Asks: 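One structure is given below, represented as structure tokens, and several questions about it will come after.
The first residue of the sequence shown is numbered 1, and numbering continues consecutively from there. No experiment lies behind these values; they were computed from the predicted model shown.
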Amino acid sequence: MTTPSAATPAHLTEPRRQPRFTLSPQLRFAVLMTGLTLVGLLVGATGQYLIDNPFVMWGGYLVAYLAGGIPAGREAMHSLFVERKLDVDLLMVLAALGAASIGQAADGAILLFLFSLSNTLQDWAMGRTKNAISALMDLNPAGATVRRDGRERWCELGEIRIGDMLIVKPGERIAADARVTRGQTAVDESPITGESLPIDKAVGAELASGTVNLNGSVEAEVLRPAGDSTLARLVALMEQAQTAKSRTETVTERWESPYATAVLVLVPLVFALLRYGFNLNVDDSWYRAMTFMVVASPCAVVISTPAVMLSAMAAAARGGVLFKSSAAMDALARVNTVAFDKTGTLTQAKMTVARVLAAEHMEGGEAGALALAAGLESHSEHPIAQAVVTLARERGVVPVSVRNAQAVPGMGIEATLDGGELGSVERAWAGNLRLMAREGASLSPAQDAALRELNAEGSSSVIVGVGARVLAVMGVSDTLRPGIAEAISSLRAAGVAHQVMLTGDKMEVAQAVAAQIGLTEYRAELLPEDKLRIMGELPGPLAMVGDGVNDAPALARADLGIAVASGTDVAIESADVVLMKNDLGKLAGAVKLAKDARRTVFMNLAFAFGVILLIAPLAVAGHIPLPLGVIAHEGGTVFVVFMGLRLLGHRL
């Protein structure tokens with residue numbers, strides 16, 4: 001057990017930040033245009049229906065048409081002339097203009113507002129890729145102290161070359177993949193591997209970029225430049241995963257172009273049929289054709305999904321589950337497999353003493369052993385050491401006074417006892433098996449059996465002794481999140497049949513945790529690229545639940561990424577869903593809500609298309625006048641919105 005210096009790096013002591021969601025300039029513009037469209041609609045409706053003022057009416061509707069129509073028109077022109085296809089953007093703009101041409105400007109403004117709102121929500125979801133990669137890149141230090149040609153100098157990240165000698169001080173983030181050539185230390189590798197404990201590093205051990213040196217200065221030879229480092233590979237994996245997911249076509253994208261093309265082709269055909277086939281005059285033919293376009297415009301269709309998803313997302317947020325997009329809600333409804341990270345997700349990433357086994361001849365028994373261990377470990381900032389000190393404080397045990405405490409790199413800590421009840425002045429120590437062997441001590445058969453049992457349970461061990469005598473063996477392990485076993489069981493009852501744990505920890509640790517929480521499948525000792533590979537092997541649709549930087553590529557690559565709010569910014573930005581209260585027990589309720597929302601969306605779409613298929617032919621035949629067509633059209637919109645709003649009452 002290696003003991004870091006008292007000067008603990010800031011990133012290990014400061015509280016993790018809550019998720020921050022900022023608006024990009026593009027998204028701010030979209031929000032502004034949607035807001036202006038709504039304001040224009042409300043002003044125009046006020047002028048038309050409340051104060052009967054044509055100037056206010058047309059001024060408001062003009063603002064709504066410009067704010068809602070110009071962005072949609074620009075996208076429509078891009079699709080038409082660059083991508084060579086017709087889409088709903090063009091149909092919505094023409095339908096709004098068609099409504100205005102027959103005296104229904106309000107209907108056109110409503111169409112434009114709903115469509116603008118839908119596009120704004122989509123822009124919000126798409127902006128996450130850039131934010132996630134930016135957060136990942138924040139793990140790179142600005143540079144490093146390098147010895148090159150016998151001289152020490154500061155180099156920016158891009159200037160570091162293979163063969164340079166990195167000088168890494170305590171608390172510094174490692175700038176490039178390197179191999180230790182001098183010194184010993186412990187390294188926090190959790191950002192890359194998810195390993196919950198610091199890893200001892202001696203001469204010959206490799207250091208990964210983006211990890212943090214905890215204690216002791218070391219020198220390390222650069223193996224790979226920053227562009228080819230472990231962190232750089234993580235960024236590349238992240239980009240690939242995001243790109244792979246963004247290529248998946250949604251249902252809307254599949255029917256959007258054919259539907260828009262069909263309606264736009266039918267409008268002139270309807271006009272020509274009525275004018276020349278049935279010999280109607282130009283005004284009547286145009287009136288019916290425009291009525292057909294207004295009725296056939298997918299107003300209720302467009303709002304069907306947002307009305308449901310926004311309501312469901314609001315209900316979920318109230319329960320502590322934040323969905324970043326409606327696509328995430330839909331994906332959760334279809335999830336068949338959930339993969340869990342271990343450290344920080346199923347566990348709290350907080351070390352606690354699980355067992356204290358005092359020797360029979362230890363004065364004071366378990367309390368005496370804890371007092372001695374706490375006296376030694378109070379001079380260390382190591383997570384295991386702090387777990388021992390915390391237990392002593394909770395039990396009201398006063399630590400034994402020691403002096404001349406000194407860390408033994410890669411082994412533990414030793415100090416001089418002040419005498420007293422424990423006898424004359426002797427050297428006391430606490431650490432691992434290597435420190436025990438150095439002190440010339442050995443385990444009794446009972447202690448050896450206890451140590452093997454602790455290792456089998458996945459606990460890290462602390463051996464406490466004085467001189468050549470072993471006085472206690474302690475087991476320290478990461479603490480499971482409260483209620484995690486019940487959360488796993490509830491998720492299975494909600495319809496998620498397949499659950500698996502993926503971790504960078506050792507196999508023994510993974511096996512012990514899986515047994516405690518009721519998981520039958522687990523994979524251990526995984527690197528980020530291993531987790532990403534496994535994403536493609538597990539049966540889908542697949543959700544990944546994680547909290548660390550090492551989980552970011554898997555979170556992005558999975559059909560649905562779920563992060564706990566106590567996790568890193570990178571994981572939170574990469575995920576589609578954030579558990580704001582770190583409560584995995586809410587996940588089962590979120591699954592049920594998502595399934596209800598998906599059923600409601602299908603029902604809304606069936607209703608919306610049914611209205612179009614029923615009313616549109618009657619409008620062409622002249623049996624549906626424009627006011628009745630508008631009532632049917634907007635009535636359908638109100639119905640689908642109401643069906644969505646009922647989900648606001650859902651409780652997770």
Side-chain angles (χ1 to χ4, degrees), residues 1-5 184-186 197-203 215-216 351 353-392 395 397-457 459-477 508:
M1 179 178 68
T2 303
T3 307
S5 65
Q184 290 182 320
T185 187
L197 293 175
I199 303 299
D200 295 328
K201 300 290 183 179
V203 174
N215 71 303
M351 306 305 295
V353 178
R355 297 172 65 184
V356 179
L357 305 169
E360 293 182 0
H361 59 275
M362 177 67 199
E363 185 174 348
E366 184 177 308
L370 184 58
L372 176 59
L376 290 163
E377 301 290 19
S378 62
H379 295 273
S380 170
E381 295 294 335
H382 193 284
I384 289 180
Q386 290 305 299
V388 173
V389 174
T390 298
L391 179 63
R395 293 188 178 183
V397 174
V398 179
V400 171
S401 178
V402 299
R403 52 190 170 85
N404 301 326
Q406 183 178 1
V408 183
M411 299 184 190
I413 191 169
E414 60 183 10
T416 302
L417 287 174
D418 284 337
E421 294 182 357
L422 290 168
S424 59
V425 175
E426 290 184 279
R427 296 292 291 175
W429 48 271
N432 56 24
L433 287 169
R434 284 182 291 168
L435 182 59
M436 182 190 73
R438 168 177 158 164
E439 299 293 338
S442 60
L443 297 169
S444 68
Q447 291 169 338
D448 184 66
L451 188 65
R452 292 178 184 276
E453 184 178 347
L454 289 172
N455 291 335
E457 293 173 354
S459 297
S460 298
S461 57
V462 180
I463 305 171
V464 184
V466 175
R469 292 173 293 149
V470 174
L471 301 181
V473 175
M474 298 182 175
V476 182
S477 60
E508 295 82 1

Asks: Write down the atom of Ala468, the atom of Gly440, and the distance for their closest heavy-atom approach.
Replies: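 Shortest heavy-atom separation between Ala468 and Gly440 comes out as CB-O, 3.8 Å.
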Asks: Between Val476 and Ser459, is any pair of side-chain heavy atoms under 4.5 Å apart?
Replies: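 Heavy-atom side-chain distance check fails, nothing below 4.5 Å.
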Asks: Say you draw a straight line from CG of Leu443 to CZ of Arg452; how long is it, rounded to the nearest 0.5 Å?
Replies: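 One finds 9.5 Å between CG of Leu443 and CZ of Arg452.
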Asks: Below 4.5 Å, heavy atoms only, C-beta onward: do Leu357 and Met474 meet side chain to side chain?
Replies: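 In short, these two side chains do not touch, never coming nearer than 4.5 Å.
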Asks: Check whether any side-chain N or O of Trp429 sits under 3.5 Å from a backbone N or O of Gly467 as a donor-acceptor pair, and report yes or no.
Replies: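 Present.
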Asks: Does the side-chain contact (heavy atoms from CB on, under 4.5 Å) test come out yes or no for Leu370 and Leu391, once each step is laid out?
Replies: CA-CA 8 Å; Leu370 184 58; Leu391 179 63; 4.0 Å; yes
Asks: Side-chain contact test, heavy atoms from C-beta onward, threshold under 4.5 Å: evaluate it for Val464 versus Val470 and give yes or no.
Replies: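 No, too far: nothing below the 4.5 Å cut-off.
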Asks: Please check this pair: side chain of Gln184 against backbone of Lys201, looking for a donor-acceptor N/O pair closer than 3.5 Å.
Replies: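 No, because the side chain of Gln184 does not come within donor-acceptor range (under 3.5 Å) of the backbone of Lys201.
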Asks: Without swapping roles, check the side chain of Ser378 against the backbone of Gly375 for a donor-acceptor pair under 3.5 Å.
Replies: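 Answer holds: yes.
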Asks: Sequence neighbours left out, what passes side-chain contact (heavy atoms from CB on, under 4.5 Å) with Ala428? Give chain and number order.
Replies: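 With sequence neighbours excluded, Ala428 shows a side-chain contact (heavy atoms from CB on, under 4.5 Å) to Leu372, Leu376, Leu417, Val466, given in chain and number order.
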Asks: Considering only heavy atoms from C-beta outward, does the side chain of Leu451 approach that of Leu433 to under 4.5 Å?
Replies: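 Yes - at least one pair of side-chain heavy atoms lies under 4.5 Å apart.
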Asks: For Glu453, enumerate each residue passing the side-chain contact (heavy atoms from CB on, under 4.5 Å) test, keeping only those at least two apart in sequence or located in another chain.
Replies: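 Partners of Glu453 by the side-chain contact (heavy atoms from CB on, under 4.5 Å) criterion, ordered by chain and then number, come out as Arg355, Glu457.
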Asks: For a quick test of reading the model, state the closest non-hydrogen atom pair linking Val388 to Ala373 and the distance between them.
Replies: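 Shortest heavy-atom contact: CG1-CB, 3.7 Å.
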Asks: Rounded to the nearest 0.5 Å, what's the gap from OG on Ser461 to CE on Met436? Could you check?
Replies: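 Output value for this atom pair is 9.5 Å.
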Asks: Only pairs at least two apart or in different chains count here, so list each salt bridge (charged side-chain N to carboxylate O under 4.0 Å, His left out) that has a residue in residues 435-447.
Replies: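 Residue pairs with at least one partner in residues 435-447: Glu414-Arg438.
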Asks: State, to 0.1 Å, how close Ser460 and Ile384 come at their nearest heavy-atom pair, and which atoms those are.
Replies: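 The answer is CB-CD1, 3.9 Å.
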Asks: Spell out, as yes or no, whether a donor-acceptor pair under 3.5 Å connects the side chain of Asn432 to the backbone of Leu435.
Replies: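 Flag set: sc Asn432 to bb Leu435 pair under 3.5 Å.
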Asks: Show, in sequence, the C-alpha distance, side-chain angles and deciding distance for Gln406 and Ile413, and conclude whether the side-chain contact (heavy atoms from CB on, under 4.5 Å) test is met.
Replies: CA-CA 6 Å; Gln406 183 178 1; Ile413 191 169; 6.0 Å; no
Asks: Could you tell me the separation between the CG atom of Leu471 and the CD atom of Gln447, rounded to the nearest 0.5 Å?
Replies: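 That separation rounds to 8.5 Å.
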Asks: Write down the atom of Val356, the atom of Ala369, and the distance for their closest heavy-atom approach.
Replies: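 Residues Val356 and Ala369, closest heavy atoms: CG1-CB, 4.4 Å.
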Asks: Could you tell me whether a side-chain N or O of Thr390 sits under 3.5 Å from a main-chain N or O of Gln386, the two making a donor and an acceptor?
Replies: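 Side chain of Thr390 to backbone of Gln386: a pair is present.
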Asks: Give me the atom names and distance for the closest heavy-atom approach of Asn404 to Arg427.
Replies: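 Minimum heavy-atom contact is O-NH1, 4.1 Å.
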